[in-house]
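Since the structure comes first, as structure tokens, the remarks are kept for the end.
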Number of protein chains: 2
Amino acid sequence: MKNTLTHASEDYLKAIYALSANGAAANTTALAARLGVAPASVTGMLKRLAVTQPPLIVYRKHHGVTLTPAGERAALEIVRHHRLLETYLYRTLGYTWDEVHEEACRLEHVISEDFEERIAEALGHPVRDPHGEPIPTRELTMPPFEAVPLSKLRPGQRAVVQRVHADDPALLRHLQRLGLTPGVGLTVDAYDEFDHNLQIKIDAQADPLVLGTAITDKVFIEVIA
Amino acid sequence: MKNTLTHASEDYLKAIYALSANGAAANTTALAARLGVAPASVTGMLKRLAVTQPPLIVYRKHHGVTLTPAGERAALEIVRHHRLLETYLYRTLGYTWDEVHEEACRLEHVISEDFEERIAEALGHPVRDPHGEPIPTRELTMPPFEAVPLSKLRPGQRAVVQRVHADDPALLRHLQRLGLTPGVGLTVDAYDEFDHNLQIKIDAQADPLVLGTAITDKVFIEVIA
DNA sequence: AAACTGATTTAGACTACCCTAAATCTGATT
DNA sequence: AATCAGATTTAGGGTAGTCTAAATCAGTTT
Ligand SMILES: [Mn+2]
Ligand SMILES: [Mn+2]
Ligand SMILES: [Mn+2]
Ligand SMILES: [Mn+2]
């Protein structure tokens with residue numbers, strides 16, 4: 001528990017956490033893609049993470065990987081660092097929401113628990129990061145969060161944007177230009193069942209938008225009535 | 001110039017900069033002691049730093065090492081990061097002057113030039129860190145600084161403390177308790193030529209202090225008249 | 001000028017990553 | 001039940017950094 005993890009291990013744990021969020025095991029190829037390394041490198045790291053004391057993952061060859069309770073705590077620790085840092089960079093240092101990810105992804109591995117606590121305090125213990133993603137508590141529990149993507153809505157439904165599940169700066173800038181940010185209310189006007197495009201009308205915007213699933217799968221909403 | 005250095009290389013360059021500040025070459029043993037590694041490890045790293053393109057150091061076997069202009073720029077870059085971070089942690093996040101070093105020593109290697117510029121701006125482009133040490137400019141020139149240690153003073157002389165050249169938290173807390181911090185005025189009352197102790201009287205303090213060279217060598221002052 | 005001593009380098013080994021190319025496994029299809 | 005395709009692991013190799021133990025060097029002393 002007190003043995004110090006490397007930056008690389010921490011990024012692997014974070015990726016496993018993200019890819020096994022739905023309870024299923026994360027697989028080698030998806031991890032390799034997300035981490036930007038070769039599949040063989042992933043296999044090597046999984047072997048190492050499985051034999052630490054205590055083990056951080058359960059790894060069954062050819063059948064994917066899940067986090068142990070210790071591994072999940074380690075992952076949530078890094079996610080908390082990451083999202084607190086994003087929030088701090090955004091609110092205190094004037095970063096834009098497309099700039100925060102890259103800086104936070106490096107800082108998250110080197111800040112102390114003291115630093116974590118001080119920025120949490122300075123920010124008033126925030127519950128969401130600038131993208132609306134929930135910040136794990138100090139006790140490392142993940143708050144409940146919206147699981148309904150905009151893509152699931154159908155004409156006539158109203159919703160409020162809660163979180164945007166994206167790191168890519170270009171996509172984030174695009175969403176910003178569209179006005180599709182947390183807190184925004186919208187109504188679905190039309191749905192195309194062949195290309196799955198959704199036509200929506202954002203509150204206080206004159207013109208409707210037509211959005212593909214590349215966007216609507218990443219925007220999570222809360223349905224209103 | 002754009003090739004990215006490892007954290008370890010950066011710490012070596014910073015150490016070489018510190019140990020060759022007086023123009024002389026830094027030697028293997030001193031580097032090993034300061035970096036907390038074996039002398040053989042230093043030799044290995046020096047060989048690597050000497051053959052980078054461009055070379056960062058001039059290394060002559062058995063005769064020590066100096067920084068090339070490129071190496072000095074790299075070192076000053078890290079020193080600027082370190083001291084700006086110390087200043088930021090101290091002023092903005094409420095760290096004490098004995099807590100800042102350790103955190104800054106990890107952060108200095110991962111912050112972006114953008115982060116550097118933003119905290120410099122937020123702090124009003126400070127010229128000194130919390131210990132009074134000069135912060136290299138954005139253009140990577142080192143401002144002039146006091147080279148006279150308190151230990152050089154003799155009875156009758158008056159001085160103002162300018163900087164404290166120390167990282168050790170215990171020593172820093174001790175100096176704080178003594179009231180020996182940048183900006184403080186003092187007068188030398190007595191000098192013992194055998195043990196080199198100095199008796200000083202700090203302005204606005206009732207009782208005089210007797211200090212050994214472990215302290216007086218680390219406190220740099222400006223002589224007044 | 002040889003010997004000594006402490007500093008330094010070399011030799012050899014280890015861990016943590018990463019890679020490419022070549023096996024091998026799994027689950028689906030015939 | 002054999003085959004096939006794609007996913008995965010293994011094999012083998014590389015870099016960066018660390019260590020200990022064994023040379024070796026340089027400057028000083030005899
Ligand atoms: Mn990261
Ligand atoms: Mn933490
Ligand atoms: Mn450092
Ligand atoms: Mn910089």
Side-chain angles (χ1 to χ4, degrees), chain A residues 2-16 19-20 24-67 71 74-75 78 105-106 108-110, chain B residues 2-16 19-20 24-67 71 74-75 78 105-106 108-110:
Chain A
K2 26 213 83 292
N3 44 33
T4 217
L5 297 167
T6 63
H7 298 193
S9 310
E10 290 180 344
D11 278 339
Y12 275 85
L13 292 172
K14 208 168 52 143
I16 296 166
L19 291 175
S20 60
N27 58 306
T28 304
T29 318
L31 283 168
R34 167 176 276 254
L35 292 163
V37 298
S41 305
V42 173
T43 302
M45 178 65 97
L46 294 183
K47 284 177 169 180
R48 256 175 274 133
L49 293 174
V51 298
T52 59
Q53 202 49 248
L56 297 166
I57 63 172
V58 176
Y59 168 50
R60 289 179 49 230
K61 271 180 197 172
H62 296 282
H63 292 279
V65 58
T66 53
L67 294 172
I78 302 299
C105 204
R106 279 177 282 109
E108 63 191 0
H109 308 289
V110 304
Chain B
K2 27 213 83 291
N3 45 34
T4 214
L5 297 168
T6 63
H7 298 193
S9 310
E10 290 179 344
D11 278 338
Y12 275 86
L13 291 172
K14 207 167 52 141
I16 296 166
L19 291 175
S20 60
N27 58 305
T28 303
T29 317
L31 283 168
R34 166 176 275 255
L35 292 163
V37 298
S41 305
V42 173
T43 302
M45 178 64 97
L46 294 183
K47 284 176 168 179
R48 257 175 273 132
L49 294 174
V51 298
T52 59
Q53 201 48 249
L56 298 166
I57 62 172
V58 176
Y59 168 50
R60 289 179 49 230
K61 272 180 197 172
H62 296 281
H63 292 278
V65 57
T66 54
L67 295 171
I78 302 300
C105 204
R106 277 176 282 110
E108 64 191 359
H109 309 289
V110 304

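In the text below, chain A, chain B and the rest are named by the order of the sequence lines, each starting its count at 1.
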A/Leu46 CG to A/Arg60 CZ distance, which is reported to the nearest 0.5 Å: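 Going from the CG atom of A/Leu46 to the CZ atom of A/Arg60 covers 13.5 Å.
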Can you tell me the distance, in whole Å, between the [atom1] atom of [X] and the [atom2] atom of [N]?
| X | N | atom1 | atom2 | result |
| --- | --- | --- | --- | --- |
| A/Lys61 | C/dT24 | NZ | P | 13 Å |
| B/Leu46 | C/dT9 | CG | C1' | 11 Å |
| A/Leu13 | C/dC17 | CG | P | 11 Å |
| B/His109 | D/dG17 | NE2 | C1' | 14 Å |
| A/Met45 | C/dC17 | CE | C1' | 7 Å |
| B/Asp11 | D/dA16 | CG | P | 17 Å |
| B/His62 | D/dT24 | NE2 | P | 11 Å |
| A/Asn27 | D/dT9 | CG | P | 10 Å |

Checking side chain to side chain contact (heavy atoms under 4.5 Å, CB included) between A/Ile16 and each of A/Ile57, A/Asp11, A/Leu35, which is the one that passes?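 Answer to the side chain to side chain contact (heavy atoms under 4.5 Å, CB included) test with A/Ile16 among A/Ile57, A/Asp11, A/Leu35: A/Ile57.
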Have a look at B/Tyr12 and tell me which of B/Val37, B/Leu31, B/Leu56 forms a side chain to side chain contact (heavy atoms under 4.5 Å, CB included) with it.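 Only one option passes, and that is B/Val37.
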Classify the nucleic acid contact of [X] as base, sugar-phosphate or nothing, counting any heavy atom under 4.0 Å across all strands shown.
| X | value |
| --- | --- |
| B/Ala8 | sugar-phosphate |
| A/Thr6 | sugar-phosphate |
| B/Ser41 | base |

Have a look at B/His109 and tell me which of B/His7, B/Glu10, B/Lys14 forms a side-chain hydrogen bond (donor to acceptor under 3.5 Å, both in side chains) with it.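 For B/His109, the side-chain hydrogen bond (donor to acceptor under 3.5 Å, both in side chains) check succeeds only for B/Glu10.
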[X] vs [N]: side-chain N/O to OP1/OP2 distance below 4.0 Å:
| X | N | result |
| --- | --- | --- |
| A/Arg48 | C/dA16 | no |
| A/Thr43 | D/dT10 | no |
| B/Ser9 | D/dA16 | no |
| B/Lys47 | C/dT10 | yes |
| B/Tyr12 | D/dA16 | no |

Among C/dT9, C/dC25, D/dT20, the one nearest B/Ala38 by side-chain distance: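 It is D/dT20.
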To the side chain of B/Ala40, which of C/dT26, C/dC19, C/dT10 is closest?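 Closest nucleotide to the B/Ala40 side chain: C/dT10.
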Non-hydrogen atoms of B/Leu49 and B/Thr52 that approach each other most closely: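 That closest heavy-atom pairing would be O-OG1, 3.3 Å.
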